[in-house]
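In what follows, a structure is listed as structure tokens, so that the remarks can point back to it.
Please read these numbers as outputs of a predicted model, since none were measured by experiment. A, B, ... follow the sequence lines: proteins, then strands. Residue 1 opens every chain. These numbers come from the heavy atoms of this one structure, side chains and all, not from hydrogens, waters or symmetry mates.
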Amino acid sequence: MTHHESPTGSYDDATGIDAEVESGRPVLSVRELSKTYTTKRLIGSGKGYQALSNVSLDLRAGEILGVVGESGCGKSTLGKVIAGVETTGIGGAEVGGQPLDLAQGTRTRDQRRQVQFVYQSPRGSFNPARRVSAALRYNARLAREVTGEPVDDALERAVKSVGLGAQHLDRYPNELSGGQLQRLSIGRALITRPDIVFLDEPTSSLDVSVRGEILNLLTGLRESMGLSMILVSHDLDVISYVADRILVIYVGQIVEEGSASDIVARPAHPYTRALLTASSLPDPAEPLELAVDVRDASFLPTGCRLAPRCPLAEARCSEPQHLVASHGRSVRCWKAESTLR
Amino acid sequence: MGEVVLLSGAGIRIDRKALPPLYPVQNVDLSVRIGDRTALVGESGCGKSLTARLLTGLLPPNAVLDRGSATLLGEFDLGEEFPDEVRGSRVAMIFQDPVSVLDPMAGIGVQIGRALAAAGVAKAERRGAAVDLLGSLHIPDPEEVARKYPHQLSGGMCQRVAIAMALAPKPDLLIADEPTTSLDVTTEVQVLDLLEEYLDSSGASLILISHDLNVVDRLAESVTVMYAGQSVEHGPIADILSEPAHPYSRDLVRSSVLNRGEAAHSIAGTLPSIENVTRTCPYRVRCSEARSACSDTSLGQVPSSDGFVRCLFPLKKMPGAAGGEPV
Amino acid sequence: MALSTGPELDRDGSTGPPQGADEPASATRVDVFMYVARKLGSLVLVSVLVATLTFVVSRATADPSFLMVGQDATDEIIAARRAEMGLDQPMYRQWASYMADLVRGDLGISRRTFAPVGGEIFERLPATVELAGAALLLSLLVAIPGGIRAGLRPDGWIDRLVGSIAQLGAAIPNFWLGLMLIYFGFYWLGWFPAPTGRGLFALESESVTGIVTIDAILARDWSAARDSVGYLLLPAVTLASGVMPPILNVTRNAAVSVVNSAYYEAALSFGVPRRVVQRRLLLPNISAPVINILAITIGFLMGGAVLVEVVFSWPGLGSYAVAAMDSSDYNPVLGVVLLASVTYVLVYQIADLVTFAMDPRLRISR
Amino acid sequence: MLRLEQLVVLYAGLTGQMTANRADTHPRRTRLARAAVWIRRLPLLPTIMLAITFLVILIGPAIVPHDPLQPNPANVLEAPSRGHWFGTNGFGMDVFSRVIAAARIDVGVAVAGVTVGAVVGSILGATVAYTGGWVDAIVQKAIEVLQSFPLFLFALALFAALGDNTFNLVVVISSISLPWYVRVVRSVISPLREADWVKALQNAGASGPRIVVLELLPNATSQVLGLFALSTALAIQVIAALAFIGLGVQPPFPEWGSMINTGAPFLLQGAWWVSTFPGVAVVLVVISLHSLSRFFDAETRGIG
């Protein structure tokens with residue numbers, strides 16, 4: 001896959017499959033998604049904790065969208081709400097033009113088939129007491145109604161597509177390596193011939209020597225099947241390597257969005273700059289380190305949420321801010337807007 | 001000698017009930033001089049954490065130094081009972097999971113006070129000294145933090161507290177076992193800065209254990225690469241990153257760099273079993289350079305002026321190596 | 001934290017739950033108040049449910065009126081008795097009056113002795129308390145130090161020794177052990193008195209506490225004290241043999257898990273002397289499970305000494321209940337069951353409160 | 001009889017550690033090889049002891065030297081000898097034959113009662129653990145209430161309510177063992193409810209009962225096996241204790257507890273053998289079961 005530096009910063013150019021993308025509507029579009037966790041209490045009202053605030057995104061066909069942020073920023077929640085693993089989200093979403101229920105978890109079987117989720121821990125996503133084939137069979141049965149594919153054929157196709165053999169199917173999870181399990185986990189998602197696959201930190205619990213094979217598998221699947229994926233990670237190295245477009249999330253808000261190459265080359269938001277400074281990627285033109293994090297998640301400042309840690313913060317940062325888009329880039333920062341233009 | 005740590009051919013055996021023993025560490029050479037900042041690098045299961053435990057005398061009760069020799073500070077044989085007094089003022093350890101290393105039942109101030117007491121600070125001064133220590137680690141509002149309990153603090157804050165406790169007795173040797181693995185990347189940078197600050201001001205030695213070459217590159221000067229319980233290469237960090245001699249080092253370095261537009265590197269195959277001690281190269285089954293000699297020749301070190309490699313066919317001629325023949 | 005039944009915070013990213021997500025806030029008065037209130041509520045609720053169960057059993061143990069009037073009573077007499085006892089009332093009324101009686105301490109009449117069960121239980125309570133207290137004391141003397149020392153060196157010789165003792169103690173039925181001790185201690189060696197109850201008769205002075213050994217010591221009546229200890233020792237050892245193993249196991253396992261914990265290891269690596277670590281770090285951290293098992297033990301001892309009391313003719317609640325059971329006299333049985341259960345519930349809730357007060361993780365929300 | 005509480009405390013802390021501890025990659029093994037490894041690690045002596053017990057239950061009554069129910073007035077309270085290995089009791093019955101014959105009753109009733117409790121309790125525990133919410137809360141409260149009765153007194157009260165016979169003894173045993181299984185299985189499975197693999201199954205459309213029985217319950221196998229050994233041991237002790245005070249199995253029917261009871265008066269005359277041997281039988285069987293239970297416990301914790 002080649003990647004061009006686009007002078008306009010438009011992400012449509014950056015995907016490398018422009019024609020298809022420009023003609024089609026997004027496979028997934030999410031509008032103003034919020035999600036609040038409440039601690040249940042016996043008496044009195046629980047404390048709310050807003051994990052996501054008004055997140056909107058579009059995923060185009062055959063695109064890998066990278067979502068980057070640190071622990072607790074809500075990036076996994078985003079995937080889980082859209083995939084229906086978590087419920088009680090507020091906002092709208094459409095998959096293939098059909099509305100997707102984010103609040104109740106009432107999805108049709110076909111919708112569950114369309115949106116698949118790959119969990120972070122390969123060990124945690126298989127029942128240790130059952131052979132891995134048992135786990136894959138559930139998905140094969142889910143898909144059979146729509147695809148009509150016999151369960152055993154679907155299983156075989158899935159393991160082949162992730163570079164494993166049928167002999168791996170009748171093993172127990174503890175007889176497989178982390179990398180093999182993660183492949184099977186991806187294979188399980190592919191069984192249903194999904195439109196969208198969410199991958200939640202697919203490489204973070206793997207050794208670095210195995211990381212490459214999973215990333216190659218993902219880019220390969222995008223090339224061969226035109227699979228649309230959302231890849232969630234804390235690791236900017238991984239995201240910038242594999243994603244076409246990047247969303248940077250801080251404390252439940254999108255703070256920056258743009259094509260991968262553009263964001264790495266010209267990070268606008270101070271938080272993106274700090275992430276880049278901490279990563280093994282070449283340092284940005286202006287490296288930046290953040291102050292110690294003593295934030296309180298149940299109290300969200302009205303203005304910039306990074307301001308308490310940001311070395312560049314000034315008085316106006318406490319005013320409400322919006323995601324401002326220009327030339328295919330969006331950023332939520334008073335100071336960065338000028339640098340973008 | 002001036003060596004704070006000297007391991008030569010060290011191996012650790014873990015005894016199990018009704019099962020054959022395991023040999024997670026088989027052959028580790030490590031020599032750390034005063035003021036050195038060295039790192040042990042390897043992937044999970046390579047024995048690096050157990051090696052760190054050996055160095056602080058904190059091996060689990062069913063694990064013993066099985067072969068080779070291990071000497072700490074030139075005087076303590078790590079195969080023997082480890083004297084408690086050595087810990088703290090001379091060797092201190094920073095652990096991977098900062099939340100679980102703090103006593104859940106005691107306040108932060110009290111816990112740091114215990115470490116300070118061990119370092120000889122008088123009772124009346126401990127509280128103030130603890131707060132000062134926290135302040136010196138750039139913690140905002142240290143009095144408040146000293147009053148809190150571990151469960152009230154974030155992971156990054158717990159790691160700072162653990163670092164404060166480790167640094168309280170001003171150790172000569174600091175062993176940091178994956179100190180930033182469980183932290184966010186922006187916090188990681190801060191914690192590494194703290195460690196560097198201490199090393200600069202005290203001249204203490206550091207052994208950094210990590211799987212992350214990026215972290216190692218920030219803090220260490222030299223690196224020992226471990227694979228399957230063996231130290232396979234040692235040398236200056238710049239050399240190993242740019243021109244590794246061992247095929248595993250090369251593959252590891254390649255895997256950890258992602259270049260957009262190029263296929264990512266990975267290493268096929270899996271780690272060998274640790275149920276047996278192997279004298280041949282443990283990497284040969286995954287190594288792209290392996291030749292038939294690799295599977296039947298027992299392996300020695302090829303020393304160089306500033307390191308060694310444990311490979312029959314190193315990727316480069318070792319500088320200063322005597323003849324280049326394995327010893 | 002303490003009041004939340006399901007803290008469902010975001011588990012995002014590779015690094016576990018966001019530890020710093022909540023602003024640390026010290027415990028408010030409301031939190032502590034709520035905790036105590038919840039424990040009290042739980043105490044009342046469980047006690048009522050326990051009493052309801054005994055109520056169900058009491059109605060199920062045949063019609064009380066029938067048992068009271070004998071076999072040849074006419075229908076009129078039975079109906080009159082039933083009305084007198086309130087058995088013609090609807091169930092919820094009967095339940096209400098049963099509960100009201102309980103609150104007044106009225107546990108019904110024994111069919112054997114025609115005496116109020118409450119009074120008889122109160123008379124026999126000191127004997128059970130004496131035996132249970134002695135057994136608890138003996139168990140604690142072995143179990144706590146033994147458990148801690150065993151836990152400090154798992155698989156060491158102390159661990160193996162006390163572990164075997166505990167294993168044996170848990171396996172031997174204590175009524176059988178009692179008989180064996182009587183055979184050796186009384187019949188064979190002649191060192192201990194016959195198993196005929198307590199050394200009550202030896203005490204010449206007025207009873208103060210009802211517990212003979214303590215009374216004798218208070219009155220400086222040393223021969224009576226020696227006597228009563230002689231009577232007490234074998235049953236106490238017997239009872240302790242069953243009570244000690246769980247305390248020992250829990251203490252040992254708690255100590256092992258602390259010794260294996262990262263914080264124990266870390267404290268040592270920071271140079272804190274082993275003695276200090278064992279005293280200041282080990283003891284507080286094993287306290288919660290140990291307090292918990294002690295509460296369970298105390299609750300158990302109140303009604304659990306049944307068989308030991310029978311074997312040694314000890315005039316406590318257990319032998320009282322068994323004697324009543326023998327003659328199908330169920331009020332005393334249910335009275336003892338109720339007392340033991342409510343004691344258990346009470347002690348358990350107190351233990352919870354103690355744990356709450358000690359553990360900052362419970363006491364102070366994030 | 002504190003073993004109930006012991007159970008609860010010992011097992012309450014185990015929360016699916018089996019899964020965590022086995023996370024390391026093992027080489028591929030066939031089912032047979034797994035079984036072989038497992039059998040090799042069973043504790044030797046207790047296993048032999050239990051095998052003997054099992055044999056005795058199967059064929060014991062057929063091979064005993066004397067009829068365990070046959071009184072012999074000419075041969076009362078005879079000390080152990082070549083003809084009567086364990087001596088005779090107050091009616092001249094052979095104690096050895098009675099100890100052997102009693103195994104069938106004691107162990108049989110214990111296993112029967114515990115099995116019922118185990119099956120019902122495990123399924124209930126797994127179901128409430130998976131369901132959560134108010135169902136879970138109610139069941140937990142109910143268990144709390146049941147367990148606040150001291151075990152033995154609870155058995156007494158049950159006998160009082162149900163009446164005294166062997167069938168009710170089975171009922172008593174199963175109702176005292178049921179709460180343990182609910183608690184243990186619940187504590188193992190509750191944390192799994194939030195596991196990623198369970199969420200994946202739900203998302204794939206697996207039904208609740210299917211997840212509970214086919215997917216979740218197998219994760220509690222070694223805990224349930226350990227508890228089964230432990231609770232059978234406890235049940236044997238309870239049965240003997242009840243018989244000792246004259247409830248459940250009645251003399252002259254051979255039962256260890258009632259044999260200890262009938263022998264008690266003779267102890268003070270020096271005839272120690274009548275009460276001693278049945279007690280030894282109880283101790284041996286119980287110790288063996290305890291060891292077996294600890295083996296499963298160690299399996300659970302991934303020790304060794």
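Heavy-atom contacts from other residues, nucleotides or ligands closer than 6.0 Å to CZ of C:F192 number more than 12.
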- Are D:L267 and C:I182 close enough, and set up right, to give a side chain to side chain contact (heavy atoms under 4.5 Å, CB included), and what steps lead you there? CA-CA 8 Å; D:L267 274 177; C:I182 289 169; 5.6 Å; no

- Task: Would you sort out whether C:Y183 and D:T276 count as a side chain to side chain contact (heavy atoms under 4.5 Å, CB included), showing the intermediate values?
- Result: CA-CA 10 Å; C:Y183 178 73; D:T276 302; over 6 Å; no

- Message: Assess the residue pair C:V306 and D:L153 against the criterion (side chain to side chain contact (heavy atoms under 4.5 Å, CB included)); give the C-alpha distance rounded to whole Å, side-chain angles, the decisive distance to 0.1 Å, and a yes or no.
- Response: CA-CA 8 Å; C:V306 179; D:L153 288 176; 3.8 Å; yes

- Task: Before giving the answer on side chain to side chain contact (heavy atoms under 4.5 Å, CB included), spell out for C:M325 and D:I245 the whole-Å C-alpha distance, their side-chain angles and the decisive distance to 0.1 Å.
- Result: CA-CA 9 Å; C:M325 188 81 193; D:I245 59 164; 5.6 Å; no

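For D:F159, the parts lying near chain C are the backbone and the side chain together; criterion is any non-hydrogen pair under 4.5 Å. Of the two parts of C:V322, only the side chain, counted from C-beta on, holds a non-hydrogen atom closer than 4.5 Å to a non-hydrogen atom of chain D. Contact annotation for C:V342: neither backbone nor side-chain heavy atoms come within less than 4.5 Å of a heavy atom of chain D. For C:F186, the part lying near chain D is the side chain, with the backbone staying farther off; criterion is any non-hydrogen pair under 4.5 Å. Both the backbone and the side chain of D:A240 have a heavy atom closer than 4.5 Å to some heavy atom of chain C.
Most heavy-atom pairs under 4.5 Å with chain C, from the set D:L158, D:L162, D:V280, D:I236: that is D:V280. Options C:L338, C:V310, C:L49, C:L168 differ in how many heavy-atom pairs under 4.5 Å they form with chain D, and the most are formed by C:L49.
Rounding to the nearest 0.5 Å gives a distance of 7.0 Å between CZ of D:F154 and CG of C:L53. For the atom pair OG (D:S148) and CG (C:L346), the distance works out to 12.0 Å, reported to the nearest 0.5 Å. Here the CG atom belonging to C:L307 is positioned 8.0 Å from the CG atom belonging to D:L242, to the nearest 0.5 angstrom. To the nearest 0.5 Å, the span separating CZ on C:F175 from CG on D:N261 amounts to 8.5 Å. Put simply, OG on C:S164 and CD1 on D:I287 are 9.5 Å apart, with the number rounded to the nearest 0.5 Å. Between the CH2 atom in D:W256 and the CH2 atom in C:W176 there is a gap of 12.5 Å [rounded to 0.5 Å].
Across all their heavy atoms, C:S42 and D:E144 have their closest contact at OG-OE2, 3.9 Å. D:P150 and C:G299 get closest at one heavy-atom pair: CG-O, 4.4 Å. Nearest heavy-atom pair, C:L45 versus D:K141, reported as atom, atom and distance to 0.1 Å: CD2-CE, 3.6 Å. Between D:A157 and C:V57, the closest heavy-atom pair is O-CG1, 3.6 Å.
Between the side chain of C:Q167 and the backbone N or O of D:S291, no donor-acceptor pair lies under 3.5 Å.
Screening residues 240-256 of chain C for salt bridge (Lys or Arg N to Asp or Glu O under 4.0 Å) gives C:D159-C:R252 as the qualifying pairs, with residues at least two apart or on separate chains.
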